[in-house]
Every structure is written in C-alpha cells, then in structure tokens.
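Below is one structure, written out as structure tokens; comments come after it.
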Amino acid sequence: MLKIGILSTAHMHAGAYVAGLRGSTEAQIVGLWDDDTARKDERAAGFGIAAYETLDGLLDVSEAVVICSENSKHRALTEAAAAAGKHVISEKPLAPNADDAKAMVDVCAKAGVRLYTAFPCRFSPAFWQLKSAVENGDLGEILAARCTNQGMCPGGWFIDTKLSGGGAVMDHTVHVTDLLRTLLKDEAKEVYCEASNGFAHSDYDDAGISTITFESGVYASLDASWSRPKSFPTWGNVTMSVVGTKGVIEMDMFAQESVLYSDKTNKVSYQNWGSNIDAGMVTAFVKACQGDETSHNLLASGIDGLRAVEVVEAAYKSVASNQPALVVRR
C-alpha cells in the first residue's frame with residue numbers, strides 16, 4: 001500500500017482525487033495538511049481522514065503526495081516534498097509562471113523523486129480514440145484544430161491573481177495545450193491571445209481565445225473562457241475538432257451524460273456517467289510511484305506541466321502586447 005498525503009484542499013479537485021485514491025487497492029491516504037486551519041479541519045472531517053498540524057508531520061508518514069493548493073503555493077510544497085524524498089503529483093497549472101515550474105522540475109530531478117502534473121484529460125477514452133485515429137493516419141496530415149475548455153467562474157482564490165497567477169487563461173489553457181502536445185507530438189512555437197474581463201468586469205481575465213502555432217505549422221484555436229452562466233447545466237467542457245487532409249474528427253470529452261430536470265433544485269443539470277478520468281489519473285500515479293513504467297508514461301510529467309505553463313506565459317505576453325508572442329522554453 002502506497003502511503004499518500006494530501007497537501008491542501010484549496011482546489012476543488014481534491015475531493016475527486018481522494019475518492020479516486022480510495023477506489024485503489026494499492027493506496028492508503030494517511031492524512032491531510034492545509035495551511036488554512038479551518039479548511040483543513042472541515043475537509044479532513046468530511047473525508048474521514050486524519051488532519052495533520054504540520055506539513056513535516058504528514059511528510060514523515062507519506063511516501064507520495066497530492067498537491068491541491070493554490071497555484072502560487074505549488075512550488076514551495078513541491079520543494080518540501082522533494083526534500084523529504086516524496087513523489088509528487090501537483091494540480092495544474094504546475095505553477096503560475098515558467099520559472100517556478102522549471103524550479104519544481106529541477107528540484108525533483110535532483111532529489112530523485114518523480115514529479116507529475118494533474119492532467120486527467122489524458123485518461124479520457126474519447127481522447128484515446130482521437131489519438132489512435134491520428135496515429136493511424138485516418139485523418140491524413142493534420143492541419144489544424146478547434147478546441148474549447150469553457151467553464152463557470154470558480155470564484156474564491158481562482159480570481160485572486162496573487163494566488164492563482166491569472167484568470168481563465170491561466171486556469172483553462174493548460175489542459176488543451178497538453179492534449180495538443182500529446183496528440184501532435186509537437187511543441188508550441190507561437191501564441192496569439194486576446195483576453196478580457198467581459199463577463200465579470202473585474203480585475204482578472206474571464207474570457208480568452210488563443211491561436212497556438214506549433215513548430216510543424218499546425219495551428220489550433222482555443223476558447224479558454226469562464227463563459228458558462230451559473231444557470232448552465234454543467235461546469236464546462238473539453239472539445240477538440242481536428243482537421244486533416246483526409247477528414248475531420250470531433251471529440252466531446254464529457255458527452256456521456258444524462259439530463260436531470262430537478263423539482264428539488266429548480267435546475268436542469270447534466271449527470272455524467274462516463275469514465276472517471278480523475279480516478280484513472282490517481283490510480284496511474286499510485287502505480288507509477290510503485291515502479292510501473294506503463295503508468296508512468298501515461299501520466300503528464302513535470303516537463304509536460306512546464307511546457308503548458310510556457311504556453312500560458314506566452315499567451316499573457318501576447319495579451320499585453322497585442323501581438324503574437326514566442327513560446328520560450330526553459
């Protein structure tokens with residue numbers, strides 16, 4: 001049994017990861033630590049797991065950690081875990097800037113521990129089918145892709161740029177960037193992005209559309225906006241329309257859903273019944289920490305997380321200059 005510690009539950013995905021780990025026969029959640037005492041106690045009680053008063057105390061009894069803190073705290077928690085010799089999977093984006101992300105990669109490499117980025121979309125069967133079609137040449141030469149990762153504004157620390165590093169562009173660009181890199185086996189070269197605060201009219205970006213050009217010449221458009229209203233049936237989406245010389249394939253990652261009309265809530269909602277990609281990712285993390293190379297190769301590495309952050313960094317540079325920005329690789 002791999003002993004796992006949860007470092008912070010600031011991110012909403014923490015609950016899904018805890019549930020996924022509990023479904024594994026090879027993992028044991030030994031406890032939870034959070035720098036927010038009230039949140040720590042509430043979530044630990046809700047999950048039914050031990051709350052640790054100190055970070056070092058939890059690291060002492062863990063073999064690997066799941067980091068679900070605010071983006072600005074990923075680096076410090078990763079450095080602490082690496083110093084203690086613990087494997088790490090960190091929520092996305094890996095860090096709010098590429099320098100911090102690179103430092104996380106370097107410290108884990110120096111300590112001889114594995115660093116992974118939480119990109120559960122890699123574990124979607126719909127994406128696997130799309131990837132297989134591309135690799136088999138069903139679409140011919142890939143020319144372009146039209147992508148979305150739209151969602152509701154999560155509020156809280158996500159809209160505090162000192163903690164998040166940015167708004168919707170920071171939050172939602174990284175998932176699809178990673179999928180595109182995995183699909184094309186190519187690196188982003190240039191980004192043109194337009195972003196605004198046209199929905200909330202506040203001091204963070206909640207709407208962003210980017211065009212990402214890859215080294216091969218393939219380009220992709222990405223709508224990474226918090227554009228879903230509160231009344232929308234679901235939190236958001238991940239879609240990709242991939243265009244090749246032989247045809248087009250459309251992927252809707254979360255299309256496996258039932259529509260619920262609830263008199264209790266007076267709302268319409270989508271109830272997803274498809275594969276649990278969060279559980280798939282954390283199960284692979286457990287196996288990778290135990291030495292399974294197949295699981296290791298399925299997961300997004302720290303380098304993968306860094307590459308996605310570099311694209312986000314270029315997107316914000318583009319917004320500031322109103323010009324395309326080159327992706328600078330560390």
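Reckoned from all heavy atoms, side chains included, excluding hydrogens, waters and symmetry mates.
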| message | With side chain to side chain contact (heavy atoms under 4.5 Å, CB included) as the criterion, how do I142 and L183 come out once you've worked through the C-alpha distance, each side chain's angles and the decisive distance to 0.1 Å? | response | CA-CA 10 Å; I142 303 303; L183 187 70; over 6 Å; no
| message | What verdict does the side chain to side chain contact (heavy atoms under 4.5 Å, CB included) test give for I159 and W226, after you've listed the backbone C-alpha separation in whole Å, the side-chain angles of each residue and the deciding distance to 0.1 Å? | response | CA-CA 11 Å; I159 59 176; W226 290 332; 3.8 Å; yes
pair [X]-[Y]: side-chain heavy atoms closer than 4.5 Å:
X	Y	result
N71	W157	yes
Y204	C153	yes
V61	K3	no
T182	F119	no
V105	I303	yes
T9	C68	no
H11	Y17	no
L299	R122	no

| task | Kindly work out whether a path of hydrophobic side-chain contacts (I/L/V/M/F/W/Y, heavy atoms less than 4.5 Å apart) joins V238 to I277. | result |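 Yes, because V238 and I277 connect within a single hydrophobic cluster, where side-chain heavy atoms sit under 4.5 Å apart.
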| query | With the 4.5 Å side-chain cut-off for hydrophobic clustering, are V176 and I249 part of the same group? | reply |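 Looking at the clustering, I249 is in the same group as V176.
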Does this structure show an ion pair linking [X] with [Y], if we count only N-O contacts that are shorter than 4.0 Å?
X	Y	answer
E310	R307	yes
D106	K110	no
R114	E293	yes
R75	D100	yes
D35	K73	yes
K246	D138	no

Please round to the nearest 0.5 Å and tell me the distance separating atom [atom1] of [X] and atom [atom2] of [Y].
X	Y	atom1	atom2	answer
H175	L222	NE2	CG	11.5 Å
K162	E70	NZ	CD	14.0 Å
C121	M253	SG	CE	4.5 Å
T78	M104	OG1	CE	3.0 Å
W33	S8	CH2	OG	7.0 Å
N272	S258	CG	OG	9.0 Å

| task | Take T173 and V191 through the side chain to side chain contact (heavy atoms under 4.5 Å, CB included) test and state the conclusion after the steps. | result | CA-CA 11 Å; T173 298; V191 182; over 6 Å; no
State, to 0.1 Å, how close [X] and [Y] come at their nearest heavy-atom pair, and which atoms those are.
X	Y	answer
I4	V286	CD1-CG2, 3.8 Å
V65	A81	CG2-CB, 3.8 Å
A314	A325	O-CB, 3.3 Å
G20	T283	O-OG1, 4.4 Å
P93	M170	CG-SD, 3.7 Å
V30	S62	CG2-OG, 3.5 Å

Checking [X] now: which residues fulfil side-chain hydrogen bond (donor to acceptor under 3.5 Å, both in side chains) with it, not counting sequence neighbours?
X	answer
D252	none
Y192	E194
D278	none

| request: List the steps, then state whether side chain to side chain contact (heavy atoms under 4.5 Å, CB included) holds for I6 with F47. | output: CA-CA 11 Å; I6 308 297; F47 294 147; 5.9 Å; no
| Pairs satisfying salt bridge (charged side-chain N to carboxylate O under 4.0 Å, His left out), at least one member in residues 227-244, at least two apart |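 Residue pairs passing salt bridge (charged side-chain N to carboxylate O under 4.0 Å, His left out), neighbours aside: none found.
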| query | Which pairs pass side chain to side chain donor-acceptor pair (under 3.5 Å) with one or both residues in residues 143-156, sequence neighbours excluded? | reply |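 For residues 143-156, and leaving out neighbouring residues, the side chain to side chain donor-acceptor pair (under 3.5 Å) pairs sorted by first residue read T148-N237, T148-T239, Q150-D223, Q150-N237.
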| request: Among residues two or more places apart or on two chains, list those pairs meeting side chain to side chain donor-acceptor pair (under 3.5 Å) that have a residue in residues 209-220. | output: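 Counting only pairs at least two positions apart or across chains, the side chain to side chain donor-acceptor pair (under 3.5 Å) contacts touching residues 209-220 are D186-S216, E215-R329.
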Please confirm whether the backbone N or O of [Y] pairs with a side-chain atom of [X], one donor and one acceptor, at under 3.5 Å?
X	Y	value
Y116	M281	no
T245	E141	yes
K92	V174	no
D205	V169	yes
S269	P233	no

| query | Heavy-atom count around K317 NZ within 6.0 Å, excluding the residue itself: above 12? | reply |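 Correct, the count exceeds 12.
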| field | Crowding at CD, E42 (>12 non-hydrogen neighbours, <6.0 Å) | value |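 12 or below, so no.
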| Can you list the residues that meet the side chain to side chain contact (heavy atoms under 4.5 Å, CB included) rule with N297, with sequence neighbours excluded? |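 With neighbours one apart ignored, the set is empty.
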| field | E135: side chain to side chain contact (heavy atoms under 4.5 Å, CB included) partners, not counting sequence neighbours | value |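 E135 satisfies side chain to side chain contact (heavy atoms under 4.5 Å, CB included) with K131, K185 once adjacent residues are dropped.
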With sequence neighbours excluded, tell me which residues meet ring-ring contact (aromatic ring centres under 6.0 Å, His included) with [X].
X	value
H87	none
W235	F254
F123	none

Could you list the donor-acceptor pairs under 3.5 angstrom formed by side chains in residues 49-58, with sequence neighbours left out?
residue : atom : partner : partner atom : Å
E53     : OE1  : K40     : NZ           : 3.2
E53     : OE2  : K40     : NZ           : 3.2
T54     : OG1  : G57     : N            : 3.0

| Can E313 and K102 be said to form a salt bridge (charged side-chain N to carboxylate O under 4.0 Å, His left out), step by step? | CA-CA 13 Å; E313 198 165 76; K102 179 63 163 59; over 6 Å; no
